[in-house]
Amino acid sequence: MAEPIRVVVTGAAGQIAYSLLYSIAKGDVFGKDQPIILILLDIPPMLPVLDGVVMELQDCALPLLMDVIPTDKVEVGFKDIDAAILVGSMPRKEGMERKDLLKANVAIFKTQGSALDKYAKKSVKVLVVGNPANTNCLIASKSAPSIPKENFSCLTRLDHNRACSQVAMRCGVSSSQVKNVIIWGNHSSTQYPDVHHAKVNVAGGEKSAYEAVKNDAWLRGDFISTVQQRGAAVIKARKLSSAMSAAKAICDHMRDIWFGTKEGEFISMGVYAAGNSYGIPEDLIYSFPVQIKNKSWKIVDGLDINDFSRAKMDATAAELVEERDTALDFLSK
């Protein structure tokens with residue numbers, strides 16, 4: 001049997017983690033023959049809840065799960081890890097200004113970045129889920145200077161999956177028949193779901209999304225706002241934020257890092273913007289179309305960008321620049 005890999009999940013007593021941990025432990029993410037040691041990190045008041053989660057994981061009797069370690073200590077949580085899934089963050093509370101949210105999260109992700117720097121393997125792959133995910137990811141990366149910036153990414157796969165699903169439902173096909181949608185920018189309501197390069201397999205033939213949907217007004221209007229506002233719509237309906245779909249997106253994202261993307265296809269990930277060909281400011285974590293091979297991502301270059309797309313890509317970049325500058329101000333204090 002292969003050597004076990006060590007995977008930490010933060011915010012491990014929360015509802016996203018509850019939907020996520022079983023999939024990781026049974027081999028859906030890192031492979032059906034890859035033994036796993038799961039480390040569950042959360043704040044001290046959540047330790048009794050973590051004990052219950054540990055019991056449940058033990059009771060699943062999963063052959064790949066070698067050990068489960070609950071902890072509230074970063075030096076235990078990040079020790080020699082191969083993968084980090086940072087779900088825990090300070091949620092926005094009623095009446096909270098965005099800058100207050102950023103300030104609270106800078107403190108969390110500075111601590112976690114420093115701990116990664118000190119205790120984790122230098123090859124660790126870090127996925128930031130906790131919002132504001134792009135900026136939290138940037139802070140974690142800046143706080144872990146000895147780990148390559150390319151090892152950090154943030155989750156926009158949920159938005160990507162939402163966009164695929166909306167197009168698929170519109171065309172009456174399975175979401176597996178839709179590929180190469182793009183989420184540009186921030187995991188916020190300024191994100192830009194773009195289907196100008198997407199393909200849909202309809203009745204055995206591949207068409208562009210615009211050709212398959214046959215409704216340009218919908219693709220440039222309600223489709224974009226539906227994807228942008230989907231998280232809020234789920235909260236309104238469920239009285240809780242997305243958990244099952246977020247966990248599935250995390251699995252998709254990490255599995256693609258581990259095993260690569262399909263030939264000729266790209267997915268969306270928030271990654272370090274340095275060296276991009278789309279004129280996006282470089283010192284940002286921005287969602288781009290990427291292809292992955294040998295655990296390394298590469299931004300898909302050379303896609304045609306029309307004026308409609310350009311304006312939306314720049315608007316979400318502007319929001320990220322503002323977030324970054326506010327966060328870096330807090331980081332320097």
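All values derive from a computational prediction rather than experimental measurement. Values below: all heavy atoms of this structure, side chains included; hydrogens, waters and symmetry mates excluded.
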Show your reasoning for whether salt bridge (Lys or Arg N to Asp or Glu O under 4.0 Å) applies to R310 and D314.
CA-CA 6 Å; R310 181 82 260 164; D314 289 347; 3.0 Å; yes
Go through it in stages, so that I can follow the logic: the residues are L21 and V9, the test is side-chain contact (heavy atoms from CB on, under 4.5 Å), and I'd like the CA-CA distance, side-chain angles, deciding distance and then a yes or no.
CA-CA 8 Å; L21 292 167; V9 176; 3.8 Å; yes
List the steps and the verdict of side-chain contact (heavy atoms from CB on, under 4.5 Å) for L284 and N134.
CA-CA 8 Å; L284 292 177; N134 299 59; over 6 Å; no
Taking it one step at a time, do M269 and D256 satisfy side-chain contact (heavy atoms from CB on, under 4.5 Å)?
CA-CA 10 Å; M269 267 167 60; D256 281 346; over 6 Å; no
Could you go through the side-chain hydrogen bond (donor to acceptor under 3.5 Å, both in side chains) check for E319 and S188 one step at a time?
CA-CA 9 Å; E319 182 184 56; S188 76; 2.6 Å; yes
Before you tell me yes or no, could you show the steps for E56 and Y22 under side-chain hydrogen bond (donor to acceptor under 3.5 Å, both in side chains), namely the whole-Å CA-CA distance, both residues' side-chain angles and the distance that decides it to 0.1 Å?
CA-CA 9 Å; E56 282 214 76; Y22 175 70; over 6 Å; no
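A tilted orientation is assigned to the rings of W218 and F223, their planes being inclined by 30° to 60°. Using a 30° and 60° split on the angle between ring planes, W184 and Y286 fall in the tilted class, from 30° to 60°.
Looking at D42, its side chain does come within 3.5 Å of a backbone N or O of A13 through a donor-acceptor pair. With hydrogens and angles ignored, the 3.5 Å screen pairs no side-chain donor or acceptor of T71 with any backbone N or O of G77. Proximity of a side-chain donor or acceptor of T316 to a complementary backbone N or O of G185 within less than 3.5 Å is not detected. With D194 contributing its side chain and H196 its backbone, the two residues share a donor-acceptor pair below 3.5 Å. Listed for the D252 side chain is no donor-acceptor partner under 3.5 Å among the backbone atoms of R255. Listed for the D80 side chain is no donor-acceptor partner under 3.5 Å among the backbone atoms of A120. The main-chain N or O of R6 is found under 3.5 Å from a side-chain atom of D82 such that the two form a donor-acceptor pair. The closest donor-acceptor contact from the side chain of T10 to the backbone of G88 lies under 3.5 Å.
Between Q291 and W297, every side-chain heavy-atom pair lies at or beyond the 4.5 Å cut-off. Proximity of V106 to T326: side-chain heavy atoms (C-beta onward) are nowhere separated by under 4.5 Å.
To the nearest 0.5 angstrom, N161 atom CG is 8.5 Å from S245 atom OG. Rounded to the nearest 0.5 Å, atoms CG (D159) and CD (Q191) are 4.0 Å apart. Remark: K103 NZ to I108 CD1 distance equals 13.5 Å, nearest 0.5 Å. Residue E322 holds its CD atom at 10.5 Å from OG1 of T190, rounded to the nearest 0.5 Å. Here the straight-line distance linking atom OG of S23 with atom CE of M244 works out to 11.0 Å at 0.5 Å rounding.
Summarising the geometry of L57 relative to A25, their closest heavy-atom pair is CD2-CB, 4.2 Å, with the distance given to 0.1 Å. Shown here for P281 and A273, the closest heavy-atom pair between the two residues is O-CB, 3.4 Å. Considering every non-hydrogen atom in both E323 and N186, the closest pair reads OE2-ND2, 3.1 Å. Shown here for S242 and R162, the closest heavy-atom pair between the two residues is OG-NH2, 3.0 Å. Contact record, S153 with H253: OG-NE2, 2.9 Å, taken as the closest heavy-atom pair. The shortest heavy-atom contact between S89 and N105 is CB-OD1, 3.2 Å.
Between the side chains of K122 and S146, at least one donor N or O sits under 3.5 Å from an acceptor N or O. No side-chain donor-acceptor contact under 3.5 Å links E282 and Y272. Looking only at atom types and distance, the side chain of S287 has no donor-acceptor partner in the side chain of H187 under 3.5 Å away. S309 and N306 share a donor-acceptor pair across their side chains, judged by distance under 3.5 Å alone. D301 and Y278 share no side-chain donor-acceptor pair at under 3.5 Å.
Just one of V126, N136, L155 meets the side-chain contact (heavy atoms from CB on, under 4.5 Å) condition when paired with L86; it is V126.
A cation-pi arrangement is absent between K125 and W258, since the terminal nitrogen or guanidinium carbon is not both under 6.0 Å from the aromatic centre and inside a 45° cone about the axis. The cationic atom of K79 (NZ for Lys, CZ for Arg) does not lie both less than 6.0 Å from the six-membered ring centre of Y119 and within 45° of the ring axis. Taking the centre and axis of the six-membered ring of Y210, the NZ or CZ atom of K214 falls outside the cone set by 45° and 6.0 Å.
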